[in-house]
Number of protein chains: 2
Amino acid sequence: METQDLKKAGLKVTLPRMKILEILETSNVHHLTAEDIYRQLLEAGEEIGLATVYRVLTQFEAAGLVTRHHFEGGQAVFELERGAHHDHLVCVKCGKVVEFMDETIEAKQRQISSEAGFEITDHALTIYGICRDCR
Amino acid sequence: METQDLKKAGLKVTLPRMKILEILETSNVHHLTAEDIYRQLLEAGEEIGLATVYRVLTQFEAAGLVTRHHFEGGQAVFELERGAHHDHLVCVKCGKVVEFMDETIEAKQRQISSEAGFEITDHALTIYGICRDCR
DNA sequence: TTGAATATGAGAAAGCTTCTCATTATTACA
DNA sequence: TGTAATAATGAGAAGCTTTCTCATATTCAA
């Protein structure tokens, strides 16, 4: 199934791409930095360069397999595209990310954009806060 | 009035701080990068270092005078705090920023956060799209 | 006016990300 | 299956944004 996705995107099926996709698919944390992925590759004994990780993630993003988020902190996080759109609640203490989706908000956004003459290409709603465990 | 704000924040009233505040107040574009501000200072003949611009903006942020946004692109933009909270519509072609505020969305956010056990510290809703002029 | 505290400028340095280029792997096709 | 053409990789250099360092300069309370 993965190799199909790569081929469809016009990307050759290579070991680095398979491994990176595998990490994104199997990680229980859905939002990973390039560095996170690189570290996991090293721990798994794979000799894959950090430059390759960034390159592959950028290609995955272009192919729609992955979404890049710019949460606070300057470092980008990558998330495997699992179909359903959602927004994020991020804990500013521990970094935990909770996903949510609210059709009322979605609809309001479409209305506001259209009233302002904008054609939506994307949107990002991120709520920052302190989670239960950190209080 | 500006000097009051600086003193209240425990910051000495210096020329760099006054000039940077002035640029933020008088610019018709409300969202400026540190580089933008630095360039305007140079054009105005002020010999203020880029490091000072960053330092001052960070202090302004801590004092609540300014808000730092992380729109797409990795570069932070700074906005003078003008009292009323609002969200942003950003044109991905020309960079134009339109501000909006919707109480329905705000209320929903509070509800979602509280249901997830989060105490909101901040939130950022940014809609990316193509504006009327760019189509 | 003077001293203690704070701010500044310049360049170095740090962090994240992209680029370069010689080497290696993949793939389509014979 | 072997081979040529094409694309991908690794390593380090380089680019950008942002922060740090430290000697010098400025502010402000008394």
Side-chain angles (χ1 to χ4, degrees), chain A residues 2-23 31-42 44-63 65-79 95, chain B residues 2-23 31-42 44-63 65-79 95:
Chain A
E2 302 100 21
T3 66
Q4 294 301 329
D5 292 339
L6 292 178
K7 281 184 179 161
K8 254 186 256 166
L11 299 172
K12 288 186 177 172
V13 178
T14 64
L15 195 120
R17 286 180 183 145
M18 302 274 281
K19 288 292 173 192
I20 291 171
L21 204 46
E22 187 185 320
I23 286 175
H31 300 80
L32 299 168
T33 64
E35 199 69 36
D36 289 337
I37 293 171
Y38 178 59
R39 201 162 349 96
Q40 289 197 36
L41 288 169
L42 289 188
E46 301 295 338
E47 305 231 321
I48 294 174
L50 182 56
T52 299
V53 175
Y54 274 105
R55 206 167 15 206
V56 167
L57 287 171
T58 301
Q59 292 159 341
F60 283 3
E61 185 190 16
L65 296 178
V66 147
T67 304
R68 184 191 306 241
H69 301 288
H70 293 97
F71 293 158
E72 283 178 358
Q75 210 169 163
V77 298
F78 297 84
E79 176 186 23
Chain B
E2 301 102 20
T3 65
Q4 294 302 328
D5 292 337
L6 292 178
K7 281 184 180 162
K8 253 185 260 169
L11 299 171
K12 288 186 177 173
V13 179
T14 65
L15 195 120
R17 287 181 182 146
M18 302 276 280
K19 288 292 173 192
I20 291 171
L21 204 46
E22 188 185 321
I23 287 175
H31 301 79
L32 299 167
T33 64
E35 198 69 37
D36 288 338
I37 293 171
Y38 179 59
R39 201 161 349 95
Q40 288 197 37
L41 287 169
L42 289 188
E46 301 295 339
E47 306 230 321
I48 293 173
L50 182 56
T52 300
V53 175
Y54 275 104
R55 205 167 15 206
V56 167
L57 287 171
T58 301
Q59 292 160 341
F60 283 4
E61 186 190 16
L65 296 176
V66 147
T67 303
R68 184 191 305 241
H69 300 289
H70 294 97
F71 293 158
E72 283 178 358
Q75 211 169 162
V77 297
F78 297 85
E79 175 185 24

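- Distance, B/Glu72 CD to C/dT17 C1': 16 Å, rounded to whole Å.
- In this structure, A/Leu6 atom CG and C/dA25 atom P are separated by 18 Å, rounded to whole Å.
- Proximity of B/Arg17 to the phosphate of C/dA7: a side-chain N or O atom is located under 4.0 Å from OP1 or OP2.
- Each end of the helix from C/dT1-D/dA30 to C/dA30-D/dT1 yields a helix axis from five base pairs, and these two axes differ in direction by 30° (to the nearest 10 degrees).
- Checked against side-chain hydrogen bond (donor to acceptor under 3.5 Å, both in side chains), B/His70 has no partners two or more places apart in sequence or in another chain.
- Sorted by first and then second residue, the salt bridge (charged side-chain N to carboxylate O under 4.0 Å, His left out) pairs with a member in residues 44-55 of chain B read B/Lys19-B/Glu46; sequence neighbours excluded.
- Residue A/Glu35 contributes atom CD, which lies 13 Å from atom P of C/dT18 at whole-angstrom precision.
- A 4.0 Å heavy-atom criterion places the boundary nucleotides of DNA chain D facing chain B at D/dT17 to D/dC28, written 5' to 3'.
- We find the CG-CG distance between B/Leu6 and B/Leu21 to be 5.5 Å, quoted to the nearest 0.5 Å.
- Heavy-atom distances under 4.0 Å link DNA chain C to B/Glu47, B/Ile48, B/Gly49, B/Ala51, B/Thr52 of residues 45-54 of chain B, given in residue order.
- Position along DNA chain C of the nearest nucleotide to A/Arg55 versus B/Tyr38 favours B/Tyr38 as the more 5'-ward residue.
- Take B/Ala62 and apply the side chain to side chain contact (heavy atoms under 4.5 Å, CB included) test, not counting sequence neighbours, and it matches no residue.
- Panel note: side chain B/Arg17, backbone B/Leu11; no donor-acceptor pair is recorded below 3.5 Å.
- Scanning for side chain to side chain contact (heavy atoms under 4.5 Å, CB included) contacts around B/Tyr54 gives B/Ala34, B/Leu50, with sequence neighbours left out.
- Checked against side-chain hydrogen bond (donor to acceptor under 3.5 Å, both in side chains), A/Thr33 has the following partners two or more places apart in sequence or in another chain: A/Asp36.
- In this structure, A/Thr52 OG1 and A/Leu41 CG are separated by 9.5 Å, a value rounded to the nearest 0.5 Å.
- Note that CG of B/Leu57 is 12.5 Å distant from CD of B/Glu79, once rounded to the nearest 0.5 Å.
- Taking for each of B/Thr33 and A/Pro16 the nucleotide of DNA chain D with the nearest heavy atom, the 5'-most of the two is the partner of A/Pro16.
- Applying the side chain to side chain contact (heavy atoms under 4.5 Å, CB included) test to B/Lys8 and every residue at least two apart in sequence or in another chain returns B/Asp5.
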Enumerate all atom pairs, one protein N or O and one N or O from nucleotides 27-30 of chain C, separated by less than 3.5 Å.
unit_1: C/dT27; atom_1: OP1; unit_2: A/Val13; atom_2: N; d: 3.0

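- Each of A/Val53, A/Val66, A/Leu15 was checked for a side chain to side chain contact (heavy atoms under 4.5 Å, CB included) with A/Ile20, and the lone residue meeting it is A/Val53.
- In this view, B/Gln40 satisfies the side-chain hydrogen bond (donor to acceptor under 3.5 Å, both in side chains) rule with no residue, not counting sequence neighbours.
- Applying the salt bridge (Lys or Arg N to Asp or Glu O under 4.0 Å) criterion to B/Glu61, with sequence neighbours excluded, gives B/Arg68.
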